[in-house]
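In what follows, chains are A, B, ... by sequence order, proteins preceding strands, each numbered from 1. None of these values were measured; they are calculated from a predicted model.
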Number of protein chains: 2
Amino acid sequence: MDERQARTAFAALSQETRLRIVRLLVQAGPDGMAAGAIAEAVAASPSNVSFHLKDLEHAGLIAPRREARSIIYSADFTGLSDLIAFLMKDCCAGHPEICVPALADAQCRPSTAKKKARA
Amino acid sequence: MDERQARTAFAALSQETRLRIVRLLVQAGPDGMAAGAIAEAVAASPSNVSFHLKDLEHAGLIAPRREARSIIYSADFTGLSDLIAFLMKDCCAGHPEICVPALADAQCRPSTAKKKARA
DNA sequence: TCCTCATTTCAATGATTATTGAATTGTAGG
DNA sequence: CCTACAATTCAATAATCATTGAAATGAGGA
């Protein structure tokens, strides 16, 4: 991911409605949600949500597909993953030990990681 | 890190000059750099850089300290780490396997991780 | 104290971005 | 073909953000 694309993605996530949409679609998983259902869930007008969906799509964070009369959006996990990698490279470059707390915090470790004692 | 703080941080990183400043300061490490040196490095006016530094500080991504006549800024690795954790929680919640590629991409693994064959 | 240097603050301007409602496109069923 | 429905596009307005240069603050050294 190049810097320009990363900035576009950061800008997309900096807006309240858009961040809510992304979190919603991550929760929804690969099935995704129709534009109308998203609008209802985030309590915004269809036209406003359409505007934000386009922005998120442009940022590579979600992807649309048509299904009958609806357009279904789902999270682009590759895009999100790339963005995390970008941030990590910046943060950790030359300072690997500093970023590690983030890994512990998010329950997001590869299954090859040692099992950690957990209450 | 709450959602509001995360959005502030994303907004901060979405601006070209600010992102350059963050990357610069991560490179510089804990020693940091004086405001003037930063301005020169990113080729922007002192007053403009001051504006952006304040924004980054407000976002919790950098921290200032006075040293003689200069004000030295350095990256706030905790803030960056928290932001990565926030993003990972969203991205990985319920989908841990999807985020893992990011870990491989960034050379940012805990030293406790198994050593991986690497060309 | 006075002068200088580093940085910030301020006010004004220009540029992006978000929101709204009306009009449009595109899909499906009768 | 006509109607209904889902979603987008468009134009206009409001709001936020970035940039600039001039003025102010604050720390040291002569």
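With a heavy-atom cut-off of 4.0 Å to chain A, the contacted part of DNA chain C has its first and last nucleotide at dA18(C) to dA28(C).
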query = Given the rule in the side-chain contact (heavy atoms from CB on, under 4.5 Å) test, do M88(B) and M88(A) qualify, once you have shown the distances and angles that lead to the verdict?
reply = CA-CA 11 Å; M88(B) 281 197 158; M88(A) 281 197 158; 3.3 Å; yes
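Using modelled atom types, one side-chain atom of R66(A) and one backbone atom of A68(A) make a donor-acceptor pair closer than 3.5 Å. Side-chain atoms of S50(A) do not come within 3.5 Å of backbone N or O of S47(A) as any donor-acceptor pair.
If you take CD on E3(B) and CG on L19(A), they are separated by 4.5 Å, rounding to the nearest 0.5 Å. Taking CD1 of I38(B) as the start and OG1 of T17(B) as the end, the distance is 12.0 Å to the nearest 0.5 Å.
Proximity of V26(B) to F77(B): side-chain heavy atoms (C-beta onward) are separated by under 4.5 Å at one or more points. Between T78(A) and D82(A) the shortest side-chain heavy-atom distance falls below 4.5 Å.
The number of heavy-atom neighbours closer than 6.0 Å to CZ of R4(A), taken from other residues, nucleotides and ligands shown, is 12 or below. Other residues, nucleotides and ligands contribute at most 12 non-hydrogen atoms within 6.0 Å of the CD atom of E40(A).
Closest non-hydrogen pair, L53(B) versus A35(B), comes out as CD1-CB, 4.0 Å.
Recorded end-axis angle for the helix from dT1(C)-dA30(D) to dG30(C)-dC1(D) stands at 20°, based on five pairs per end and rounded to 10 degrees.
Mapping A68(A) and D55(A) onto DNA chain C by nearest heavy atom places D55(A) closer to the 5' end of the strand.
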Report each atom pair, protein N/O against N/O of nucleotides 7-15 of chain D, whose distance is under 3.5 angstrom.
from: dA7(D); atom 1: OP1; to: A35(A); atom 2: N; distance (Å): 3.2
from: dA7(D); atom 1: OP1; to: G36(A); atom 2: N; distance (Å): 3.4
from: dA7(D); atom 1: OP2; to: G36(A); atom 2: N; distance (Å): 2.8
from: dT8(D); atom 1: OP1; to: Y73(A); atom 2: OH; distance (Å): 2.5
from: dT8(D); atom 1: OP2; to: S50(A); atom 2: OG; distance (Å): 2.9
from: dT8(D); atom 1: O5'; to: S50(A); atom 2: OG; distance (Å): 3.1

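Remark: H52(B) is not in phosphate contact with dC17(D), judged by side-chain N or O atoms under 4.0 Å from OP1 or OP2.
Per the geometry, CZ belonging to R20(B) stands 14 Å off P belonging to dA18(D), to the nearest Å.
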